[in-house]
There are 2 protein chains.
Amino acid sequence: MVRTTPIRKRNPVATRATILAAAHQRFVRESYDGVGLRDIASDAGVDVALIGRYFGSKEGLFREVVFADKEADLFREPKSAADLPAFLAQLVAEDADEDRQHRMEMFIIMLRSASSPKAGEIIRDLVHLDVLGPLAELIGKDGELRANMLLSILIGIGVLRSIMRVDALSLDDGDRAECTERFRCLFEAALTC
Amino acid sequence: MVRTTPIRKRNPVATRATILAAAHQRFVRESYDGVGLRDIASDAGVDVALIGRYFGSKEGLFREVVFADKEADLFREPKSAADLPAFLAQLVAEDADEDRQHRMEMFIIMLRSASSPKAGEIIRDLVHLDVLGPLAELIGKDGELRANMLLSILIGIGVLRSIMRVDALSLDDGDRAECTERFRCLFEAALTC
DNA sequence: CGAATAAATCAACAGGTGTTGACTTGCTTC
DNA sequence: GAAGCAAGTCAACACCTGTTGATTTATTCG
């Protein structure tokens with residue numbers, strides 16, 4: 001018998017990565033509670049039990065998804081507080097390159113599962129370590145408060161757009177440049193007002 | 001035998017209200033998926049089946065909770081766009097009176113269950129009808145975009161504070177007035193920038 | 001008082017959840 | 001090539017979910 005699909009040689013690190021990728025994609029679109037381990041396993045073409053074997057528990061899998069590519073943390077590009085408004089506005093703009101798009105996906109995963117006790121605790125860690133900390137340090141004076149205000153705007157836009165699917169903030173073609181400028185201005189206000 | 005608790009006479013409207021109140025309190029603190037009907041029933045001192053009898057389904061109960069006191073809609077106080085920044089800043093301040101506190105609870109219920117497909121759709125309706133619509137109308141020029149920006153900030157603060165429990169935005173005593181003023185300024189920027 | 005009616009409860013269903021132990025398969029190394 | 005070991009699968013587990021039909025209880029009306 002001729003196989004149509006090539007036999008995937010047994011490869012622990014590859015299957016692990018496959019599961020991780022499948023989980024990522026699911027968690028971008030559904031909440032922690034909404035996603036079932038069987039869904040993820042099915043997407044990855046793997047038995048459910050294997051997830052438990054590799055990641056211990058659903059919570060462990062989620063933690064690994066969230067902390068997956070931490071080396072590419074959200075805020076390494078901007079060098080000074082002055083760059084922040086423009087940087088964040090670009091991040092919010094939807095014509096982002098692949099790298100930024102992936103960073104935005106991580107952000108959306110955070111927002112989607114922020115409720116749900118187990119996932120929420122993991123997310124709280126991530127927010128403090130990878131977002132609020134670096135931001136506050138970069139800003140300097142009143143860093144903590146300013147970082148919180150910036151993050152609030154970021155979260156609000158993300159929730160309104162990606163979770164609630166309200167589309168008035170979806171920048172379409174013509175307005176994009178103007179709208180991005182407005183966001184830049186808003187971020188600046190959060191830093192200076 | 002003497003009863004310690006008075007026998008509650010059978011009263012359909014009263015029990016209905018009790019269930020509704022119990023559901024409200026649960027949905028403020030847990031997400032749609034996280035709350036079980038048995039939890040709510042237990043809080044209300046009632047059998048689970050009664051919920052189905054009164055509200056048809058979990059979704060029906062949630063809808064009724066969300067649309068409960070619609071007459072007291074979120075944005076009836078401000079009379080003009082100029083009043084909005086101060087009004088929203090006051091709404092965000094935590095020393096709000098009972099009325100505003102209740103409105104904030106409704107807002108948090110929205111944020112908590114915005115994920116979860118069933119609840120999300122209900123919430124989307126509410127957001128358009130009771131929040132974005134009135135806001136845009138009040139603002140006038142560029143109303144839709146401005147309303148979205150205002151709501152973004154509102155959502156961000158709510159999520160960061162009540163869902164993620166990040167406390168740097170929790171205004172404690174001394175800073176409160178100063179912090180409220182900053183928020184007012186930020187809302188103003190969202191309208192004018 | 002006794003019959004009728006509505007309110008509330010009981011019990012169970014069918015489906016789905018994460019998790020676990022036993023089992024089989026495939027690769028590698030002697 | 002056969003043994004050993006790890007990778008992957010199967011099956012089942014307790015548990016919990018929302019929902020529903022039959023049953024009991026309290027109230028009301030003739």
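Lettering of chains follows the sequences in order, A, B, ..., and the numbering in each one begins at 1. Side chains are part of it too, since the values below use all heavy atoms of this structure and drop only hydrogens, waters and symmetry mates.
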Can you work out whether A:Leu50 or B:Val35 has the more 5'-proximal nearest nucleotide on DNA chain D?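 Per heavy-atom nearest nucleotide, the more 5' residue is A:Leu50.
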
Looking at residues at least two apart in the chain, or sitting in another chain, which of them share a ring pair (Phe, Tyr, Trp, His ring centres under 6.0 Å) with B:Phe187?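 So B:Phe187 forms no ring pair (Phe, Tyr, Trp, His ring centres under 6.0 Å) with any residue.
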
Partners passing ring pair (Phe, Tyr, Trp, His ring centres under 6.0 Å) against B:Phe62 (at least two apart in sequence or in another chain):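 Applying ring pair (Phe, Tyr, Trp, His ring centres under 6.0 Å) to B:Phe62 gives B:Phe27, B:Tyr32.
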
Side chain to side chain contact (heavy atoms under 4.5 Å, CB included) involving A:Ser31 - partner list, sequence neighbours excluded: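 Residues passing side chain to side chain contact (heavy atoms under 4.5 Å, CB included) with A:Ser31: A:Asp33, A:Ser113, B:Asp33, B:Ser115.
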
Residues which pass side chain to side chain contact (heavy atoms under 4.5 Å, CB included) with A:Leu191, listed by chain and number, not counting sequence neighbours: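 Side chain to side chain contact (heavy atoms under 4.5 Å, CB included) list for A:Leu191, sorted by chain: A:Leu84, A:Pro85, A:Ile139, A:Arg146, A:Leu150.
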
Taking only side-chain N and O atoms of B:Thr15, does any of them lie within less than 4.0 angstrom of OP1 or OP2 on C:dA8?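 Checking C:dA8 against B:Thr15, a side-chain N or O does come within under 4.0 Å of OP1 or OP2.
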
To the nearest Å, how far apart are [X] [atom1] and [N] [atom2]?
X        : N      : atom1 : atom2 : result
B:Ile40  : C:dA8  : CD1   : P     : 17 Å
A:Leu61  : C:dT17 : CG    : C1'   : 15 Å
B:Asp47  : C:dC10 : CG    : P     : 6 Å
A:Ile51  : C:dG18 : CD1   : P     : 9 Å
B:Asn11  : C:dA8  : CG    : P     : 8 Å
B:Arg10  : D:dT25 : CZ    : C1'   : 5 Å
B:Lys118 : D:dT17 : NZ    : P     : 14 Å
B:Leu37  : C:dG15 : CG    : C1'   : 15 Å

A:Arg38 (side chain) and C:dG18 (base): donor-acceptor pair under 3.5 Å: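 It does, because a donor-acceptor pair links the side chain of A:Arg38 to the base of C:dG18 below 3.5 Å.
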
Go through the structure and list residues passing salt bridge (charged side-chain N to carboxylate O under 4.0 Å, His left out) with B:Arg63, not counting sequence neighbours.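 B:Arg63: no salt bridge (charged side-chain N to carboxylate O under 4.0 Å, His left out) contacts found.
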
A:Asp83: which residues meet the salt bridge (charged side-chain N to carboxylate O under 4.0 Å, His left out) condition with it, sequence neighbours left out?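 Not a single residue meets the salt bridge (charged side-chain N to carboxylate O under 4.0 Å, His left out) criterion with A:Asp83.
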
Can you pull the salt bridge (Lys or Arg N to Asp or Glu O under 4.0 Å) pairs that have at least one residue in residues 108-125 of chain B, sequence neighbours excluded?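 Listed once each, the pairs would be none.
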
More than 12 heavy atoms of other residues, nucleotides or ligands under 6.0 Å from CD of B:Gln25: is that the case?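 Above 12, so yes.
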
Is it true that A:Asp142 and B:Arg182 have a side-chain N and a carboxylate O under 4.0 angstrom from each other?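 Yes.
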
Output one line per pair: protein atom, nucleotide atom from nucleotides 28-30 of chain D, and distance, for all N/O pairs under 3.5 Å.
none

Within residues 52-59 of chain B, which residues have any heavy atom lying less than 4.0 Å from an atom of DNA chain D?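 Those residues whose heavy atoms fall under 4.0 Å from DNA chain D, taken from residues 52-59 of chain B in numerical order, are B:Arg53, B:Ser57, B:Lys58.
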
